[in-house]
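What you see is a predicted model; the values in this text were computed from it and never measured. These numbers come from the heavy atoms of this one structure, side chains and all, not from hydrogens, waters or symmetry mates.
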Amino acid sequence: MTTTTRSRVPAGAARAASPAPSASGLRARRAAKRRQLTAAGVLMTPFFALLVTVFLIPVGTAVYLSFFSDDQPGLGFGPERTVFVGLRSYAAVLTDPTFLGGLGTVALYCLIYIPLMVVGALALALLLDSGVVRLRALAQLGLFLPHAVPGIIAALIWLYLYTPGISPVIELFAKGDITIDFLGVHTVLPSIVNIALWSNLGYNMVVFYAALQAVPREVIEASVVDGAGPVRTALQVKTPLVRASIVMVAIFTLIWALQLFTEPMLLSQSSPMINSRFSPSMYIYDAAFTRNNYSLAAAASVVLLVCTIALSYGVTRFTSRADSEEAR
(Lines give C-alpha, C1' and ligand atoms only; values in the text may rest on other atoms or scores of the structure.)
Protein backbone atom coordinates (compact mmCIF):
# COMPACT_ATOMS: atom_id res chain seq x y z
CA MET A 1 0.00 0.00 0.00
CA THR A 2 1.51 3.22 -1.12
CA THR A 3 0.80 6.48 0.65
CA THR A 4 1.28 9.78 -0.99
CA THR A 5 2.17 12.89 0.95
CA ARG A 6 1.01 16.28 -0.21
CA SER A 7 3.40 19.11 0.33
CA ARG A 8 1.78 22.23 1.65
CA VAL A 9 3.13 25.48 0.28
CA PRO A 10 2.53 28.62 2.34
CA ALA A 11 0.27 31.20 0.72
CA GLY A 12 2.96 33.83 0.89
CA ALA A 13 5.37 31.52 -0.88
CA ALA A 14 2.77 30.81 -3.57
CA ARG A 15 2.26 34.50 -4.16
CA ALA A 16 5.97 35.01 -4.25
CA ALA A 17 6.31 32.20 -6.74
CA SER A 18 3.75 33.74 -9.12
CA PRO A 19 5.42 35.58 -11.95
CA ALA A 20 5.51 39.35 -11.73
CA PRO A 21 3.84 41.29 -14.52
CA SER A 22 6.24 41.99 -17.32
CA ALA A 23 7.24 45.48 -18.39
CA SER A 24 5.39 45.07 -21.70
CA GLY A 25 2.20 44.12 -19.84
CA LEU A 26 2.42 47.21 -17.64
CA ARG A 27 2.93 49.41 -20.70
CA ALA A 28 -0.08 47.84 -22.40
CA ARG A 29 -2.26 48.49 -19.33
CA ARG A 30 -1.11 52.09 -19.09
CA ALA A 31 -1.76 52.61 -22.79
CA ALA A 32 -5.26 51.15 -22.45
CA LYS A 33 -5.95 53.39 -19.48
CA ARG A 34 -4.74 56.43 -21.42
CA ARG A 35 -7.00 55.50 -24.32
CA GLN A 36 -9.97 55.21 -21.96
CA LEU A 37 -9.24 58.61 -20.41
CA THR A 38 -8.82 60.16 -23.85
CA ALA A 39 -12.11 58.68 -25.06
CA ALA A 40 -13.89 59.89 -21.91
CA GLY A 41 -12.41 63.37 -22.38
CA VAL A 42 -13.51 63.51 -26.02
CA LEU A 43 -17.05 62.41 -25.13
CA MET A 44 -17.34 64.87 -22.22
CA THR A 45 -15.88 67.85 -24.07
CA PRO A 46 -19.17 68.90 -25.77
CA PHE A 47 -20.97 68.77 -22.42
CA PHE A 48 -18.41 70.94 -20.63
CA ALA A 49 -18.23 73.33 -23.56
CA LEU A 50 -22.01 73.73 -23.51
CA LEU A 51 -22.00 74.07 -19.71
CA VAL A 52 -19.43 76.85 -19.81
CA THR A 53 -21.06 78.62 -22.75
CA VAL A 54 -24.72 78.64 -21.75
CA PHE A 55 -24.45 78.51 -17.95
CA LEU A 56 -21.17 79.50 -16.32
CA ILE A 57 -20.41 82.50 -18.55
CA PRO A 58 -23.97 83.98 -18.27
CA VAL A 59 -23.98 83.41 -14.50
CA GLY A 60 -20.56 85.02 -14.15
CA THR A 61 -21.70 87.96 -16.28
CA ALA A 62 -24.84 88.41 -14.17
CA VAL A 63 -22.83 88.33 -10.94
CA TYR A 64 -20.40 90.91 -12.36
CA LEU A 65 -23.16 93.23 -13.55
CA SER A 66 -24.92 93.05 -10.19
CA PHE A 67 -21.96 94.78 -8.48
CA PHE A 68 -21.85 97.72 -10.92
CA SER A 69 -24.31 100.38 -11.98
CA ASP A 70 -24.45 103.25 -14.43
CA ASP A 71 -24.28 106.63 -12.72
CA GLN A 72 -24.56 110.20 -14.02
CA PRO A 73 -22.86 112.74 -11.77
CA GLY A 74 -23.73 116.40 -11.71
CA LEU A 75 -27.49 116.08 -11.13
CA GLY A 76 -27.82 113.83 -14.16
CA PHE A 77 -26.17 116.22 -16.62
CA GLY A 78 -22.69 114.72 -16.51
CA PRO A 79 -21.34 111.90 -18.65
CA GLU A 80 -22.58 108.45 -17.73
CA ARG A 81 -20.05 106.18 -16.05
CA THR A 82 -20.04 102.72 -14.53
CA VAL A 83 -19.36 102.65 -10.80
CA PHE A 84 -18.95 99.86 -8.25
CA VAL A 85 -22.01 99.69 -5.97
CA GLY A 86 -21.28 96.50 -4.03
CA LEU A 87 -24.37 94.84 -2.59
CA ARG A 88 -26.63 97.84 -3.14
CA SER A 89 -28.54 96.16 -5.96
CA TYR A 90 -29.11 93.04 -3.85
CA ALA A 91 -30.39 95.16 -0.98
CA ALA A 92 -32.75 96.96 -3.38
CA VAL A 93 -34.09 93.65 -4.70
CA LEU A 94 -34.56 92.01 -1.32
CA THR A 95 -36.35 95.05 0.10
CA ASP A 96 -38.55 95.65 -2.94
CA PRO A 97 -42.12 94.61 -2.03
CA THR A 98 -42.96 93.91 -5.68
CA PHE A 99 -40.12 91.38 -5.97
CA LEU A 100 -41.04 89.75 -2.67
CA GLY A 101 -44.67 89.68 -3.78
CA GLY A 102 -43.60 87.97 -7.00
CA LEU A 103 -41.74 85.34 -4.97
CA GLY A 104 -44.87 84.76 -2.93
CA THR A 105 -46.96 84.41 -6.09
CA VAL A 106 -44.54 81.86 -7.54
CA ALA A 107 -44.46 79.97 -4.23
CA LEU A 108 -48.27 79.68 -4.28
CA TYR A 109 -48.11 78.70 -7.94
CA CYS A 110 -45.65 75.91 -7.11
CA LEU A 111 -47.83 74.63 -4.23
CA ILE A 112 -50.76 74.27 -6.65
CA TYR A 113 -48.99 73.28 -9.84
CA ILE A 114 -46.32 70.77 -8.79
CA PRO A 115 -48.60 68.31 -6.89
CA LEU A 116 -51.20 68.43 -9.65
CA MET A 117 -48.54 67.86 -12.29
CA VAL A 118 -46.77 64.96 -10.57
CA VAL A 119 -49.91 63.19 -9.36
CA GLY A 120 -51.80 63.73 -12.63
CA ALA A 121 -48.94 62.56 -14.87
CA LEU A 122 -48.30 59.52 -12.66
CA ALA A 123 -52.00 58.61 -12.60
CA LEU A 124 -52.23 58.76 -16.40
CA ALA A 125 -49.06 56.66 -16.76
CA LEU A 126 -50.42 54.06 -14.34
CA LEU A 127 -53.67 53.88 -16.31
CA LEU A 128 -51.80 53.35 -19.56
CA ASP A 129 -49.51 50.75 -18.01
CA SER A 130 -52.40 48.83 -16.46
CA GLY A 131 -54.01 48.27 -19.84
CA VAL A 132 -57.30 49.90 -18.82
CA VAL A 133 -57.03 52.45 -21.62
CA ARG A 134 -57.64 50.98 -25.04
CA LEU A 135 -55.78 52.24 -28.09
CA ARG A 136 -52.80 52.96 -25.87
CA ALA A 137 -50.58 54.40 -28.60
CA LEU A 138 -53.33 56.80 -29.73
CA ALA A 139 -53.95 57.88 -26.14
CA GLN A 140 -50.24 58.56 -25.65
CA LEU A 141 -50.11 60.64 -28.81
CA GLY A 142 -53.19 62.64 -27.83
CA LEU A 143 -51.81 63.39 -24.38
CA PHE A 144 -48.35 64.31 -25.68
CA LEU A 145 -49.49 66.57 -28.53
CA PRO A 146 -50.12 69.67 -26.34
CA HIS A 147 -46.45 69.59 -25.32
CA ALA A 148 -45.50 69.88 -28.99
CA VAL A 149 -47.34 73.22 -29.17
CA PRO A 150 -44.96 76.13 -28.40
CA GLY A 151 -45.61 77.82 -25.07
CA ILE A 152 -46.51 81.16 -26.64
CA ILE A 153 -49.05 79.54 -28.96
CA ALA A 154 -50.56 77.59 -26.07
CA ALA A 155 -50.90 80.76 -24.00
CA LEU A 156 -52.55 82.56 -26.94
CA ILE A 157 -55.04 79.69 -27.38
CA TRP A 158 -56.03 79.83 -23.73
CA LEU A 159 -56.10 83.64 -23.76
CA TYR A 160 -58.76 83.36 -26.46
CA LEU A 161 -60.71 80.89 -24.29
CA TYR A 162 -60.37 83.09 -21.20
CA THR A 163 -61.31 86.46 -22.75
CA PRO A 164 -64.95 87.53 -22.20
CA GLY A 165 -66.90 88.40 -25.31
CA ILE A 166 -65.04 86.06 -27.64
CA SER A 167 -64.62 82.91 -25.55
CA PRO A 168 -67.01 80.05 -26.48
CA VAL A 169 -66.43 78.55 -23.02
CA ILE A 170 -67.65 81.67 -21.20
CA GLU A 171 -70.59 81.91 -23.61
CA LEU A 172 -71.50 78.28 -22.88
CA PHE A 173 -71.45 78.95 -19.15
CA ALA A 174 -73.53 82.07 -19.66
CA LYS A 175 -76.28 80.02 -21.31
CA GLY A 176 -76.57 78.11 -18.04
CA ASP A 177 -76.71 81.37 -16.04
CA ILE A 178 -73.17 80.80 -14.77
CA THR A 179 -70.90 83.82 -14.71
CA ILE A 180 -67.20 83.06 -14.52
CA ASP A 181 -64.18 85.30 -14.92
CA PHE A 182 -61.08 83.25 -15.66
CA LEU A 183 -58.85 86.31 -15.26
CA GLY A 184 -60.28 87.63 -12.00
CA VAL A 185 -58.36 88.24 -8.80
CA HIS A 186 -59.07 84.76 -7.40
CA THR A 187 -59.00 82.80 -10.65
CA VAL A 188 -56.04 84.19 -12.59
CA LEU A 189 -53.48 81.96 -10.86
CA PRO A 190 -55.52 78.74 -11.34
CA SER A 191 -55.97 79.78 -14.98
CA ILE A 192 -52.18 80.00 -15.38
CA VAL A 193 -51.81 76.61 -13.67
CA ASN A 194 -54.32 75.15 -16.13
CA ILE A 195 -52.26 76.36 -19.11
CA ALA A 196 -49.07 74.86 -17.68
CA LEU A 197 -50.80 71.54 -16.94
CA TRP A 198 -52.25 71.37 -20.44
CA SER A 199 -48.82 71.97 -21.96
CA ASN A 200 -46.63 69.69 -19.82
CA LEU A 201 -48.81 66.93 -18.40
CA GLY A 202 -48.38 64.66 -21.42
CA TYR A 203 -44.59 65.00 -21.46
CA ASN A 204 -44.21 63.97 -17.82
CA MET A 205 -46.72 61.18 -18.37
CA VAL A 206 -44.42 59.75 -21.05
CA VAL A 207 -41.48 59.92 -18.61
CA PHE A 208 -43.43 57.97 -15.98
CA TYR A 209 -44.75 55.50 -18.52
CA ALA A 210 -41.21 54.75 -19.73
CA ALA A 211 -40.13 54.16 -16.13
CA LEU A 212 -43.08 51.83 -15.54
CA GLN A 213 -42.12 49.78 -18.59
CA ALA A 214 -38.81 49.00 -16.86
CA VAL A 215 -40.55 47.51 -13.81
CA PRO A 216 -40.03 43.71 -13.83
CA ARG A 217 -43.22 41.95 -14.84
CA GLU A 218 -42.41 39.16 -12.36
CA VAL A 219 -42.89 41.59 -9.47
CA ILE A 220 -46.30 42.65 -10.75
CA GLU A 221 -47.35 39.05 -11.35
CA ALA A 222 -46.26 38.12 -7.83
CA SER A 223 -48.38 40.90 -6.34
CA VAL A 224 -51.39 39.69 -8.34
CA VAL A 225 -50.82 36.14 -7.10
CA ASP A 226 -50.70 37.47 -3.53
CA GLY A 227 -54.17 38.93 -4.03
CA ALA A 228 -53.36 42.59 -4.72
CA GLY A 229 -55.92 44.38 -6.85
CA PRO A 230 -55.12 46.88 -9.62
CA VAL A 231 -55.23 49.91 -7.32
CA ARG A 232 -53.08 48.31 -4.63
CA THR A 233 -50.60 47.08 -7.24
CA ALA A 234 -50.34 50.55 -8.72
CA LEU A 235 -49.91 52.36 -5.39
CA GLN A 236 -47.86 49.89 -3.37
CA VAL A 237 -45.85 48.04 -6.02
CA LYS A 238 -45.37 50.17 -9.13
CA THR A 239 -45.17 53.64 -7.58
CA PRO A 240 -42.32 52.86 -5.13
CA LEU A 241 -40.32 51.28 -7.96
CA VAL A 242 -40.42 54.49 -10.02
CA ARG A 243 -39.59 56.83 -7.12
CA ALA A 244 -36.42 58.04 -8.84
CA SER A 245 -38.44 59.22 -11.84
CA ILE A 246 -40.95 60.93 -9.54
CA VAL A 247 -38.16 62.86 -7.82
CA MET A 248 -36.62 63.82 -11.17
CA VAL A 249 -39.93 65.09 -12.55
CA ALA A 250 -40.63 67.00 -9.32
CA ILE A 251 -37.24 68.74 -9.44
CA PHE A 252 -37.52 69.66 -13.12
CA THR A 253 -41.08 70.90 -12.61
CA LEU A 254 -39.94 73.00 -9.65
CA ILE A 255 -37.13 74.57 -11.68
CA TRP A 256 -39.49 75.35 -14.55
CA ALA A 257 -42.18 76.74 -12.23
CA LEU A 258 -39.78 79.17 -10.57
CA GLN A 259 -39.10 80.68 -14.01
CA LEU A 260 -42.79 81.47 -14.65
CA PHE A 261 -42.91 84.07 -17.43
CA THR A 262 -44.64 83.25 -20.73
CA GLU A 263 -48.19 82.62 -19.52
CA PRO A 264 -48.59 85.65 -17.22
CA MET A 265 -46.77 87.92 -19.69
CA LEU A 266 -49.34 87.16 -22.41
CA LEU A 267 -52.34 87.10 -20.07
CA SER A 268 -51.33 90.52 -18.72
CA GLN A 269 -52.62 92.01 -21.99
CA SER A 270 -56.19 91.12 -20.96
CA SER A 271 -56.10 91.07 -17.17
CA PRO A 272 -55.36 93.97 -14.81
CA MET A 273 -54.65 91.40 -12.12
CA ILE A 274 -51.27 90.66 -13.74
CA ASN A 275 -48.83 93.55 -13.60
CA SER A 276 -45.36 93.84 -15.10
CA ARG A 277 -43.77 92.39 -11.94
CA PHE A 278 -46.16 89.50 -11.38
CA SER A 279 -43.34 86.92 -11.09
CA PRO A 280 -39.58 87.20 -10.48
CA SER A 281 -38.86 86.55 -14.16
CA MET A 282 -41.24 89.35 -15.18
CA TYR A 283 -39.58 91.59 -12.57
CA ILE A 284 -36.19 90.88 -14.16
CA TYR A 285 -37.55 91.58 -17.65
CA ASP A 286 -39.13 94.84 -16.49
CA ALA A 287 -35.95 95.98 -14.72
CA ALA A 288 -33.73 95.24 -17.71
CA PHE A 289 -35.82 96.29 -20.72
CA THR A 290 -38.31 98.81 -19.32
CA ARG A 291 -36.32 100.58 -16.62
CA ASN A 292 -32.90 99.88 -18.20
CA ASN A 293 -31.53 98.98 -14.77
CA TYR A 294 -29.27 96.08 -15.68
CA SER A 295 -27.62 95.98 -12.26
CA LEU A 296 -30.98 95.46 -10.56
CA ALA A 297 -32.01 92.86 -13.15
CA ALA A 298 -28.73 90.98 -12.70
CA ALA A 299 -29.07 90.99 -8.90
CA ALA A 300 -32.65 89.69 -9.14
CA SER A 301 -31.45 86.97 -11.54
CA VAL A 302 -28.76 85.85 -9.10
CA VAL A 303 -31.27 85.79 -6.22
CA LEU A 304 -33.66 83.69 -8.30
CA LEU A 305 -30.82 81.33 -9.24
CA VAL A 306 -29.81 80.89 -5.59
CA CYS A 307 -33.42 80.15 -4.63
CA THR A 308 -33.71 77.58 -7.42
CA ILE A 309 -30.48 75.82 -6.45
CA ALA A 310 -31.37 75.83 -2.75
CA LEU A 311 -34.86 74.38 -3.31
CA SER A 312 -33.58 71.74 -5.76
CA TYR A 313 -30.86 70.74 -3.31
CA GLY A 314 -33.41 70.58 -0.49
CA VAL A 315 -35.70 68.27 -2.45
CA THR A 316 -32.77 66.03 -3.38
CA ARG A 317 -31.53 65.83 0.22
CA PHE A 318 -35.01 65.12 1.56
CA THR A 319 -35.62 62.26 -0.86
CA SER A 320 -32.13 60.83 -0.28
CA ARG A 321 -32.67 60.85 3.47
CA ALA A 322 -36.07 59.17 3.05
CA ASP A 323 -34.52 56.48 0.87
CA SER A 324 -31.72 55.83 3.36
CA GLU A 325 -34.18 55.54 6.24
CA GLU A 326 -36.25 53.01 4.29
CA ALA A 327 -33.12 51.03 3.45
CA ARG A 328 -32.44 50.63 7.17
Side-chain angles (χ1 to χ4, degrees), residues 26-68 82 84 86-87 89-90 93 103 106 110 114 117-118 121 144 147-148 150-152 196 199-200 202-211 213-214 242-262 279-285 287-289 294-324:
L26 289 175
R27 286 195 297 270
R29 292 180 183 177
R30 291 173 182 172
K33 189 174 182 180
R34 282 196 299 269
R35 286 195 297 269
Q36 290 178 352
L37 292 175
T38 302
V42 170
L43 293 175
M44 292 297 292
T45 296
F47 166 76
F48 284 112
L50 196 63
L51 176 67
V52 171
T53 304
V54 305
F55 182 74
L56 295 181
I57 292 178
V59 168
T61 304
V63 173
Y64 174 79
L65 290 176
S66 65
F67 291 112
F68 294 87
T82 301
F84 179 78
L87 298 176
S89 297
Y90 291 96
V93 168
L103 284 179
V106 168
C110 291
I114 295 177
M117 171 60 70
V118 175
F144 184 78
H147 182 73
I152 296 179
S199 299
N200 300 305
Y203 174 81
N204 292 316
M205 179 272 300
V206 171
V207 174
F208 286 140
Y209 182 73
Q213 293 301 297
V242 296
R243 180 178 298 175
S245 298
I246 295 175
V247 174
M248 180 193 70
V249 168
I251 291 176
F252 287 167
T253 304
L254 172 64
I255 294 172
W256 183 88
L258 291 174
Q259 302 172 20
L260 179 65
F261 179 80
T262 303
S279 68
S281 296
M282 293 179 66
Y283 179 94
I284 295 167
Y285 180 87
F289 301 107
Y294 298 106
S295 177
L296 189 68
S301 301
V302 174
V303 171
L304 181 60
L305 174 64
V306 171
C307 292
T308 303
I309 294 175
L311 290 174
S312 302
Y313 177 76
V315 172
T316 305
R317 289 282 298 183
F318 176 78
T319 54
S320 300
R321 185 176 300 176
D323 291 340
S324 61

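Note that CZ of Arg34 and OG1 of Thr38 are 8.5 Å apart. Values are rounded to the nearest 0.5 Å. Atom CD of Gln213 and atom CZ of Phe208 lie 14.5 Å apart (nearest 0.5 Å). Distance check, rounded to the nearest 0.5 Å: CG of Leu296 to CD1 of Ile284 gives 9.5 Å. The CD1 atom of Ile246 lies 8.0 Å from the CZ atom of Arg243; values are rounded to the nearest 0.5 Å. Rounding to the nearest 0.5 Å places CH2 of Trp256 at 10.0 Å from SG of Cys110. Between Leu254 atom CG and Met117 atom CE the span is 12.5 Å, to the nearest 0.5 Å.
For Ala214, there are no side-chain contact (heavy atoms from CB on, under 4.5 Å) partners at least two apart in sequence or on another chain.
Closest non-hydrogen pair, Phe144 versus Val206, comes out as CD1-CG2, 3.9 Å. Residues Tyr294 and Ala288 share a closest heavy-atom pair of CE2-O, 3.5 Å. The shortest non-hydrogen separation linking Ala121 to Met205 is CB-N, 3.7 Å. Nearest heavy-atom pair across Leu103 and Pro280 is CD2-CG, 3.6 Å. In plain terms, the two heavy atoms of Ser279 and Leu260 that are nearest each other are OG-O, 2.7 Å.
For Tyr285, the OH atom counts as loosely surrounded, since its 6.0 Å shell holds 12 or fewer non-hydrogen atoms of other residues, nucleotides or ligands. No more than 12 heavy atoms of other residues, nucleotides or ligands shown are found within 6.0 angstrom of CZ on Phe252.
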Can I get a per-line list of side-chain donor-acceptor pairs under 3.5 Å for residues 42-68, giving both atom names and the distance, sequence neighbours left out?
| residue | atom | partner | partner atom | Å |
| --- | --- | --- | --- | --- |
| Thr45 | OG1 | Gly41 | O | 2.5 |
| Thr53 | OG1 | Ala49 | O | 2.7 |
| Thr61 | OG1 | Ile57 | O | 2.8 |
| Ser66 | OG | Val63 | O | 2.6 |
| Ser66 | OG | Tyr90 | OH | 2.7 |

Which donor-acceptor pairs under 3.5 Å do side chains of residues 301-318 form with protein atoms, sequence neighbours excluded?
| residue | atom | partner | partner atom | Å |
| --- | --- | --- | --- | --- |
| Ser301 | OG | Ala297 | O | 2.8 |
| Thr308 | OG1 | Leu304 | O | 2.8 |
| Ser312 | OG | Thr308 | O | 2.8 |
| Thr316 | OG1 | Ser312 | O | 2.9 |

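Contact annotation: the side chain of Gln259 never approaches that of Val106 to less than 4.5 Å [non-hydrogen atoms, C-beta and beyond].
Taking the six-membered ring where tryptophan is involved, the planes of His147 and Tyr203 are essentially parallel, since the angle between them stays under 30° and well short of 60°.
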